[in-house]
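Residue numbers begin at 1 in each chain, while the letters A, B, ... track the order of the sequences.
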2 protein chains.
Amino acid sequence: MKRRTAPALDRDRLIAASFAVLEAEGMEGLSMRRVAAHLGVQAPAIYWHVGDKAELLGLMARDIYAAAYAAVPQIEDWRGWLRRFAQALRSSLAGHRDGARLCAVAKPAAASDPHESAARITAPLIALGLTPQTALSFQAAVISYTLGWAMFEANGPMHDFLDRMMIFEDSFETGLDAMVAGFEPQAA
Amino acid sequence: MKRRTAPALDRDRLIAASFAVLEAEGMEGLSMRRVAAHLGVQAPAIYWHVGDKAELLGLMARDIYAAAYAAVPQIEDWRGWLRRFAQALRSSLAGHRDGARLCAVAKPAAASDPHESAARITAPLIALGLTPQTALSFQAAVISYTLGWAMFEANGPMHDFLDRMMIFEDSFETGLDAMVAGFEPQAA
DNA sequence: ACCTGAACACCGTTCAAGT
DNA sequence: ACCTGAACACCGTTCAAGT
């Protein structure tokens, strides 16, 4: 017997609880105290498992990105992969209340080892024949576009109006297709 | 004589002070109390001139966008206009500390009259021959891309690493050119 | 009309102390 | 090792009261 009582918290349960609070209260209701309450614990307990709130947000954002990567199907060429990835990221962001705002505020947890995370991020594109340089460039552009779009789309009051002037889905695809198609001549 | 003492505040001085605090303290140091202190006034005084903090942030964001629109030179076609606008927006965002984060958090002050603001936003493109529909679509895509990129770029730790793997300036242009070029066939 | 003073209900975080 | 209790230095916002 290593311990008499199992610990009440671990990183995974902490992150899960944080998402639960986010879903229920939104981004500005996401406080350390509320997350703690959701876990039946005092706020300072969280600091045993995580350095500070910024790190917690970083971990949440990381999960959102990870879900997107995991959702991209096997695909035969980099154009298709980029398109599928962008769609997956968009729906991963839309899958959580204030998901885009969360990712905007959070610094990437990737900060721990940027070299490794850049490699992981570009690996699929490199496998499909792009050079590391172009892979990074294209991927950065697609992520930027998708994240920016998600924020645009999540912006309440403007949304209702734009909804009557354009189909978000279609316009997102329009921009995405344009970008990917425009990459074509640069892939050499 | 309408009043014995001129008011200490007005909206413009309030916004200017807010930018000053933002520059000095960054986004998380931007508190109502600090802005008030910068103006030699008590925090509650601000609420006479502005409904709440969100509205103040919205006004700041609006200024950043307005600066971008103002900086776009007269141009002969919509491709050029879109490219110039994106560059102007990127440098307007980069012109203030945490500019991208600010715009991410702020709801558009445009919320007041979305119809009018959408019209103003698309006017230049419509004047250059696009339909309102495509103008809105293209403009939304370009804004999303640029805002997303600026956030990407502003993200400290990742930045230093990426800086050694790619030129931000060049990669931004790569994606932008790709998108605008890809719009071409859709402009019909 | 425009601002102050005092207060309310919160925050994130630290740190000794408990087990 | 892991959590609590109490505290510190802040927040945004409201509201009576002053001028």
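Between the CG atom of B/L57 and the C1' atom of D/dG12 there is a distance of 12 Å, rounded to whole Å. Between the CZ atom of A/R13 and the P atom of D/dC2 there is a distance of 13 Å, given to the nearest Å. Rounded to an integer number of Å, the gap from CZ of B/R33 to P of C/dT4 is 13 Å. Note: CD (A/E28) to P (C/dC11) measures 12 Å, nearest angstrom. Distance CG (B/L14) to C1' (C/dC2): 14 Å, rounded to an integer number of Å. Nucleotide D/dC3 holds its C1' atom 12 Å from the CD1 atom of A/I46, rounded to whole Å. Per the geometry, CZ belonging to A/R11 stands 16 Å off C1' belonging to D/dA1, to the nearest Å. Atom pair B/D52:CG and D/dC11:P shows a separation of 17 Å (rounding to whole Å applied).
Of the residues in residues 37-44 of chain A, those lying under 4.0 Å from DNA chain D by heavy-atom distance are A/V41, A/Q42, A/P44.
For D/dA1, the OP1/OP2 oxygens have no side-chain nitrogen or oxygen of A/H49 closer than 4.0 Å.
Using a 30° and 60° split on the angle between ring planes, B/W78 and B/F138 fall in the tilted class, from 30° to 60°. Ring-plane geometry between B/F85 and B/Y69 is classed as tilted, the angle between the planes lying from 30 to 60 degrees on a 0 to 90 degree scale.
In this structure A/D77 satisfies the salt bridge (Lys or Arg N to Asp or Glu O under 4.0 Å) test together with A/R79, sequence neighbours excluded.
Of all non-hydrogen atoms in B/P132 and B/I126, the two that sit nearest each other are CA-CD1, 3.8 Å. Across every non-hydrogen atom of B/S92 and B/I64, the tightest pair is OG-O, 2.7 Å.
The base-pairing partner of D/dA1, taking Watson-Crick or G-U wobble contacts with both distances under 3.5 Å, is C/dT19. Across all strands shown, the partner of C/dT13 is D/dA7, judged by Watson-Crick or G-U wobble contacts whose two distances both fall under 3.5 Å.
The nucleotide whose nearest atom lies closest to any side-chain atom of B/Y47 is, among D/dT14, C/dT13, D/dT4, D/dT14.
Ion pairing of B/E169 with B/R90 is present here, as a side-chain N (NZ or NE/NH1/NH2) and a carboxylate O approach within less than 4.0 Å. Checked for salt-bridge contact, A/R11 and A/E55 meet the test: a charged N lies under 4.0 Å from a carboxylate O.
When each of B/W48 and A/A54 is assigned the nucleotide of DNA chain C bearing its nearest heavy atom, the one mapping closer to the 5' terminus is B/W48.
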